[in-house]
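Read through the structure below, which is laid out as C-alpha cells, and then see the notes.
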There are 2 protein chains.
Amino acid sequence: MSTSASEKKDSSTEEKIKTAAKTVFYKKGFAATRTRDIAEEAGLNLALLNYYFRSKAKLFEIIMAETFAGFIGSMKVILDDEKTSLEQKVITIAERYIDFISVEPEIPTFILTEIRNNPEELLKRLPIKEIVNDSVFIKQFQEAVQNKEITEPNPLHFLMNLLGLVVFPFIVKPIIMGSRNLETEQFHALMQERKKKIPIWINMMFKA
Amino acid sequence: MSTSASEKKDSSTEEKIKTAAKTVFYKKGFAATRTRDIAEEAGLNLALLNYYFRSKAKLFEIIMAETFAGFIGSMKVILDDEKTSLEQKVITIAERYIDFISVEPEIPTFILTEIRNNPEELLKRLPIKEIVNDSVFIKQFQEAVQNKEITEPNPLHFLMNLLGLVVFPFIVKPIIMGSRNLETEQFHALMQERKKKIPIWINMMFKA
DNA sequence: AAGTTTTTTAATCATTTGATTAAAAAACTT
DNA sequence: AAGTTTTTTAATCAAATGATTAAAAAACTT
C-alpha cells in the first residue's frame with residue numbers, strides 16, 4: 001500500500017462511493033436515487049458499487065445508520081451530561097444542531113422521510129426509549145417540575161417544542177425564503193438569530 | 001347516465017383512482033409509488049390510470065395541487081380574516097390544523113418531501129409571498145409590534161414557531177410514540193392537549 | 001521479473017415499470 | 001333492437017434500472 005492511512009480513508013474508492021451516496025441519497029431519497037447517479041457523482045464505474053457494497057439497499061443502510069448515529073449520538077451526549085443544567089442543555093442543543101444542520105441541510109428531510117418509510121426498522125435500530133428515559137435530562141426535568149421551576153409536567157412537550165423550533169425552519173426553508181424573497185445568506189442569518197432566541201423562548205414557555 | 005351527480009363524484013372510476021392515488025402517494029411518495037400499486041389499491045385495471053390521467057406524473061400533479069390548495073387555502077382564509085384578533089388566529093390555526101392533520105397524518109411529510117424534490121415548481125404554484133405579506137395577519141402583527149404588545153419584530157419567527165409547534169410532532173410521531181411506548185390513542189391525546197397549550201406558549205413567547 | 005491477488009471496466013442480463021394497443025364489454029343513442 | 005360511443009380488460013412494448021460476469025488493468029508479493 002502506497003497511501004497513508006488517512007489518505008486511504010478519504011480518497012479510497014469505498015469512501016468515494018459513500019460520500020457520493022450520501023450526497024445523492026440525502027437529496028433524492030432511496031427510491032428516486034439511481035445507482036448510476038451515485039456512480040456518476042463519484043466518478044466511478046457502476047459495477048464498483050456492487051463490488052464494495054453488494055447492493056443499493058445495503059449501501060443505503062450504511063449511510064442511514066451513520067447519519068442516524070451522528071444525529072442521535074450527539075443528542076445523547078448532550079442529554080446525558082451530568083455537569084450541565086437544563087438551561088445549558090437547551091442552549092447547547094440549539095447551538096449545535098443549528099450549526100450542524102446548516103452544514104448538511106438535507107439531513108432533516110432525509111431522516112423524516114426515513115421515519116415515514118421505515119418506522120419499525122428505525123426504532124429497532126435507535127434506542128430512543130433508553131436515550132430519553134434514562135437520561136440526566138429527564139432527571140433534571142422531573143426535579144425542576146417537583147421544585148415548581150417548570151409548569152409543564154410532560155417532558156415530551158418540552159423536547160418536541162425544542163426540536164421543532166430548531167429543525168422545522170430548515171425543513172420549510174424554500175417556503176421561508178420564497179415568502180419574503182430571502183437569499184441563502186439571509187436565511188442563515190435568521191437561523192443564527194434563532195440560536196439565541198430559542199433558549200429564551202423555551203424559558204418563557206416552560207419557566208414558572 | 002343512471003347515477004346521481006353526487007354518487008358519480010364519489011364512486012366514479014376517475015374518483016376511485018384519485019382516492020387510491022392519494023393514499024399511495026401520501027404513504028410512499030412519488031418515486032416509490034408504482035402505478036400498479038395505485039391500480040391495486042383502487043381495485044381497477046392498470047390501463048385505466050393512463051386512460052383517465054395520461055401518466056403517473058400528471059396524476060401526481062393533480063393530487064399535489066389539490067393537497068396544497070387544501071392546506072394553504074384554509075391558512076389563507078384564517079390569516080385574512082378581518083374579524084379575528086391575532087390571538088384568535090393562533091387559536092384557530094392550532095385547533096384546525098391539529099384536527100386536519102390528525103385525520104390525514106401523512107400529509108405533512110408528503111408536502112415536506114415535495115418541498116425538497118421540487119421547490120421551484122412549488123413556489124411557482126403557491127403564491128406564498130402574497131398570502132403572507134398581503135394578509136390581515138401581517139398588518140395585525142406589525143401593529144402589535146408598534147404598540148409594543150409583541151417583542152419580536154419578525155413575523156417569520158412567529159409563523160415558523162407556530163407551525164413548527166403544530167406540525168413537527170406529527171412528522172416525528174413514530175419517534176414520539178416509540179420513546180415512551182405510547183399507543184395511537186395516547187398520541188392523539190397529546191395532540192389534543194397541544195391545541196390548548198400552543199396558543200398559551202405562543203403568547204408566553206411573544207407577548208411583551 | 002514472474003506470479004498472484006485485488007481492483008476496475010465494458011458488456012450484458014433479468015426484472016421492473018410506465019405506457020400503449022387492440023379487442024371485449026358496457027353504456028348510451030336513435 | 002341496431003348502431004355508436006365510452007369504458008374496461010388482457011396482452012404487450014420499450015425503456016430504465018439493479019445486478020452480474022468475464023476480461024483487463026493495477027497493485028502487491030516473492
Side-chain angles (χ1 to χ4, degrees), chain A residues 1-65 113-114 117-118 121, chain B residues 1-65 113-114 117-118 121:
Chain A
M1 172 180 319
S2 61
T3 53
S4 73
S6 74
E7 191 179 343
K8 171 160 193 198
K9 185 122 195 249
D10 291 348
S11 64
S12 72
T13 300
E14 204 172 325
E15 211 58 30
K16 275 188 207 157
I17 293 173
K18 278 175 65 174
T19 303
K22 252 189 202 168
T23 304
V24 184
F25 281 141
Y26 281 2
K27 192 156 74 193
K28 318 218 281 182
F30 178 78
T33 293
R34 312 290 150 225
T35 52
R36 283 161 176 81
D37 300 338
I38 298 174
E40 194 185 1
E41 171 78 25
L44 295 170
N45 187 289
L46 170 62
L48 289 172
L49 304 210
N50 296 297
Y51 179 75
Y52 282 99
F53 296 95
R54 298 263 311 160
S55 73
K56 178 190 173 188
K58 291 239 166 61
L59 176 55
F60 182 78
E61 263 198 36
I62 290 170
I63 300 299
M64 202 195 62
T113 57
E114 188 53 25
N117 294 341
N118 238 325
E121 182 62 24
Chain B
M1 174 181 312
S2 61
T3 53
S4 73
S6 74
E7 189 180 342
K8 168 156 195 201
K9 184 123 194 244
D10 291 348
S11 65
S12 72
T13 301
E14 202 172 326
E15 212 57 30
K16 275 189 208 157
I17 293 173
K18 278 175 66 175
T19 303
K22 253 188 202 169
T23 304
V24 184
F25 280 141
Y26 282 1
K27 191 156 75 195
K28 318 219 280 182
F30 178 78
T33 294
R34 312 292 150 225
T35 52
R36 283 160 175 82
D37 300 338
I38 298 175
E40 194 186 1
E41 171 78 26
L44 295 170
N45 187 288
L46 169 62
L48 289 171
L49 303 210
N50 296 296
Y51 179 75
Y52 282 99
F53 297 95
R54 298 261 311 157
S55 73
K56 177 190 174 189
K58 290 242 166 59
L59 177 54
F60 181 78
E61 263 198 38
I62 289 170
I63 301 300
M64 202 196 62
T113 58
E114 188 53 25
N117 295 341
N118 238 324
E121 183 62 23

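Each chain gets a letter, A, B and so on, in the order the sequences are listed, and its residues count up from 1. The structure displayed is predicted, hence computed values, not measured ones.
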Could you work out, with salt bridge (charged side-chain N to carboxylate O under 4.0 Å, His left out) as the rule, every residue matching [X], not counting sequence neighbours?
X	result
B/Lys22	none
A/Lys56	none
A/Glu14	none

Notebook entry, point to check: Which residue lies toward the 5' end of DNA chain C, B/Phe30 or A/Leu48, if each is placed at its nearest nucleotide?
Noted result: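 This one resolves to A/Leu48.
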
Check: Considering the options A/Thr33, A/Thr35, A/Thr19, which one meets the side-chain contact (heavy atoms from CB on, under 4.5 Å) requirement together with A/Val24?
Finding: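 Answer to the side-chain contact (heavy atoms from CB on, under 4.5 Å) test with A/Val24 among A/Thr33, A/Thr35, A/Thr19: A/Thr33.
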
Item checked: Among D/dG18, C/dA19, C/dT7, the nucleotide that comes nearest once only the side chain of B/Ser55 is considered -> C/dA19

Checklist line | Minimum-distance nucleotide to B/Tyr51 side chain [options: C/dT20, C/dG18, D/dT8] | finding: D/dT8

Item checked: Runs of at least three consecutive pairs that involve DNA chain D, where pairs are Watson-Crick or G-U with distances under 3.5 Å -> C:1-30 with D:1-30

Notebook entry, point to check: Any side-chain heavy atom of B/Ile38 sitting closer than 4.5 Å to one from B/Leu44?
Noted result: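 No - every pair of side-chain heavy atoms lies 4.5 Å or more apart.
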
Check: Between B/Glu15 (CD) and D/dT7 (P), how many Å, whole number?
Finding: 15 Å

Notebook entry, point to check: What string of B, S and - do you get for nucleotides 10-15 of chain D 5' to 3' if you count protein non-hydrogen atoms under 4.0 Å?
Noted result: B-----

Item checked: Pair listing, ring pair (Phe, Tyr, Trp, His ring centres under 6.0 Å) test, anchored in residues 37-64 of chain B, at least two apart -> B/Phe25-B/Phe60, B/Phe30-B/Phe60, B/Phe60-B/Phe110

